[in-house]
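Note sheet for the following structure.
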There are 2 protein chains.
Amino acid sequence: MKSFDTHTLLTAHGLRCTRPRVKVAELLFADGQDRHITAEWVADELGKMGEAVALATVYNTLNSFMEAGLLAQINGLEAGRYVFDTNTEPHHHFYNETTGCLTDMPPSALRFYKMPEAPAGTEIVDWQVVVRVR
Amino acid sequence: MKSFDTHTLLTAHGLRCTRPRVKVAELLFADGQDRHITAEWVADELGKMGEAVALATVYNTLNSFMEAGLLAQINGLEAGRYVFDTNTEPHHHFYNETTGCLTDMPPSALRFYKMPEAPAGTEIVDWQVVVRVR
DNA sequence: TATTCATATTAGAATAGTTCTAAATTGTCT
DNA sequence: AGACAATTTAGAACTATTCTAATATGAATA
């Protein structure tokens with residue numbers, strides 16, 4: 001039944017069910033846990049599982065998932081790295097510069113007194129806080 | 001007198017006064033204006049001024065300036081790009097994803113109700129908000 | 001079920017921004 | 001001026017990501 005669930009998840013988000021997408025979706029969403037992931041990690045995991053998918057395809061897949069709203073991108077880490085979050089609810093992170101470890105911030109840790117207003121002619125598409133610790 | 005000012009600025013921050021550093025400091029700090037800059041932009045400007053400095057040196061210089069506290073790094077933009085800010089006071093930015101334009105957020109635009117607390121064993125070294133607009 | 005065709009996959013090349021290397025140069029301290 | 005550590009430099013190397021273009025594959029249709 002697992003593959004059925006993945007199938008409906010993908011089609012419900014307007015994504016064709018290809019083998020790579022199904023495998024990536026199973027890896028990321030099957031257990032319902034929140035994850036911070038990179039393309040490299042996904043490719044490695046699938047490789048270990050004997051379900052190798054080309055790295056370029058993993059990138060395509062993660063970008064498709066993001067556009068479809070299945071993943072969120074985490075900005076503000078090291079330049080040159082894309083990290084995705086399976087938790088697409090707005091929330092914030094601590095980033096340990098020494099260990100590279102990324103953890104969710106408890107929702108209560110940060111609350112805004114006043115929301116920022118976008119400059120004229122633009123609208124806010126995303127914002128998130130990365131608090132860098134050491 | 002300008003070069004004297006730059007000289008004292010550099011030495012006051014523990015930096016040896018080399019030609020590249022003096023030129024970069026003049027470009028960035030002479031007029032007291034706030035700037036968002038990249039290594040490429042600095043190298044181009046110096047080139048136009050007939051004071052060419054190797055790109056690798058510009059990177060070295062900007063990183064030295066940052067460690068010395070003369071510049072701040074802006075995180076949270078496109079992965080793969082380092083942007084520095086001559087305004088080292090804590091403040092936040094709007095980032096226009098379409099135009100690439102980066103603007104300071106008026107201080108009043110965003111206020112925190114509660115500051116986040118670092119995870120045990122770590123201390124906060126930096127945090128900033130990048131609000132992405134379109 | 002066979003056909004069709006837009007969409008997706010893939011390997012490998014290309015790209016972009018940044019850092020590294022190692023040799024030559026240059027500040028600064030005596 | 002002499003000495004030496006720090007800095008500069010050109011170009012190579014590196015890394016993460018995207019592109020290319022040929023091949024394969026879902027899924028809609030007949």
Side-chain angles (χ1 to χ4, degrees), chain A residues 3-4 6-25 27 36-44 46-47 50-68 70-71 73-84 97 100 102, chain B residues 3-4 6-25 27 36-44 46-47 50-68 70-71 73-84 97 100 102:
Chain A
S3 60
F4 175 76
T6 306
H7 200 281
T8 44
L9 179 72
L10 291 176
T11 50
H13 285 80
L15 296 167
R16 278 171 57 168
C17 292
T18 62
R19 189 189 68 87
R21 285 178 181 172
V22 170
K23 292 304 167 190
V24 173
L27 177 64
H36 302 134
I37 55 152
T38 63
E40 197 186 12
W41 178 84
V42 170
D44 284 355
L46 294 178
E51 295 285 357
V53 168
L55 187 55
T57 305
V58 174
Y59 276 103
N60 289 342
T61 302
L62 296 182
N63 284 324
S64 301
F65 282 15
M66 186 184 56
E67 274 165 38
L70 286 168
L71 289 174
Q73 208 165 24
I74 303 174
N75 302 303
L77 310 179
E78 300 310 317
R81 287 225 96 177
Y82 283 108
V83 179
F84 295 91
E97 290 187 346
L102 188 66
Chain B
S3 60
F4 174 76
T6 306
H7 200 280
T8 44
L9 179 73
L10 292 177
T11 50
H13 286 79
L15 296 167
R16 279 170 57 167
C17 293
T18 63
R19 188 189 70 86
R21 285 177 181 172
V22 170
K23 292 304 168 190
V24 173
L27 177 64
H36 302 136
I37 56 152
T38 63
E40 198 186 11
W41 179 84
V42 170
D44 283 355
L46 293 178
E51 294 285 355
V53 168
L55 187 55
T57 305
V58 174
Y59 277 103
N60 289 342
T61 302
L62 296 182
N63 284 323
S64 302
F65 283 14
M66 187 184 55
E67 275 164 38
L70 285 168
L71 288 175
Q73 209 166 22
I74 303 175
N75 302 303
L77 310 180
E78 299 311 315
R81 285 225 97 178
Y82 283 108
V83 179
F84 295 90
E97 289 187 345
L102 187 67

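Please read these numbers as outputs of a predicted model, since none were measured by experiment. Protein chains get the first letters and strands the later ones, always in sequence-line order, with residue 1 at the start of each.
Residue Asn63(A) places at least one side-chain N or O closer than 4.0 Å to OP1 or OP2 of dT18(D). For Tyr59(A), a side-chain nitrogen or oxygen approaches OP1 or OP2 of dT17(D) to under 4.0 Å.
Put simply, CG on Leu55(A) is 13 Å from C1' on dC19(D), counting in whole angstrom units. Atom CG of Asn60(A) is separated from atom P of dA16(D) by 18 Å (rounded to the nearest Å). A straight line from CZ of Phe84(B) to P of dG17(C) spans 14 Å, rounded to a whole angstrom. Separating the OH atom of Tyr82(A) from the P atom of dG17(C) is a distance of 11 Å, rounded to the nearest angstrom. Whole-Å rounding puts the Leu62(B) CG to dT7(D) P distance at 15 Å. In this structure, Lys23(B) places its NZ atom 15 Å from P of dT26(C), rounding to the nearest Å. Taking atom CG of residue Leu10(B) and atom P of nucleotide dT26(C), one finds them 18 Å apart after rounding to whole Å. One atom, NE2 of His13(B), and another, P of dA6(D), lie 20 Å apart when rounded to the nearest Å.
For the pair Leu55(A) and Ala39(A), the tightest heavy-atom approach, listed with the atom from each and the gap, is CD1-O, 4.0 Å. Residues Ile37(A) and Leu62(A) come closest through the heavy atom pair CD1-CD2, 3.9 Å. Scanning both residues, Val58(B) and Val53(B), for their nearest heavy atoms gives CG2-CG1, 3.9 Å. Here the closest non-hydrogen pair linking Leu102(B) and His36(B) is O-ND1, 3.3 Å. Nearest approach of Ala52(B) to Arg19(B), heavy atoms of both residues: O-NH2, 2.9 Å. In terms of heavy-atom proximity, Pro20(B) sits nearest to Thr57(B) at CB-CG2, 3.7 Å.
Mapped onto DNA chain D by nearest heavy atom, Ala39(A) and Thr61(B) fall at different nucleotides, with Thr61(B) at the one closer to the 5' end.
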Could you go through nucleotides 24-27 of chain D and list every protein N or O atom that sits under 3.5 Å from one of its N or O atoms, giving the distance for each pair?
unit_1, atom_1, unit_2, atom_2, d
dG26(D), O4', Arg16(A), NH2, 3.3
dG26(D), N3, Arg16(A), NH2, 3.4
dA27(D), OP1, Cys17(A), N, 3.1

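Taking the C1' atoms of five terminal pairs at each end of the helix from dT1(C)-dA30(D) to dT30(C)-dA1(D), the two resulting helix axes are inclined by 30°, rounded to 10°.
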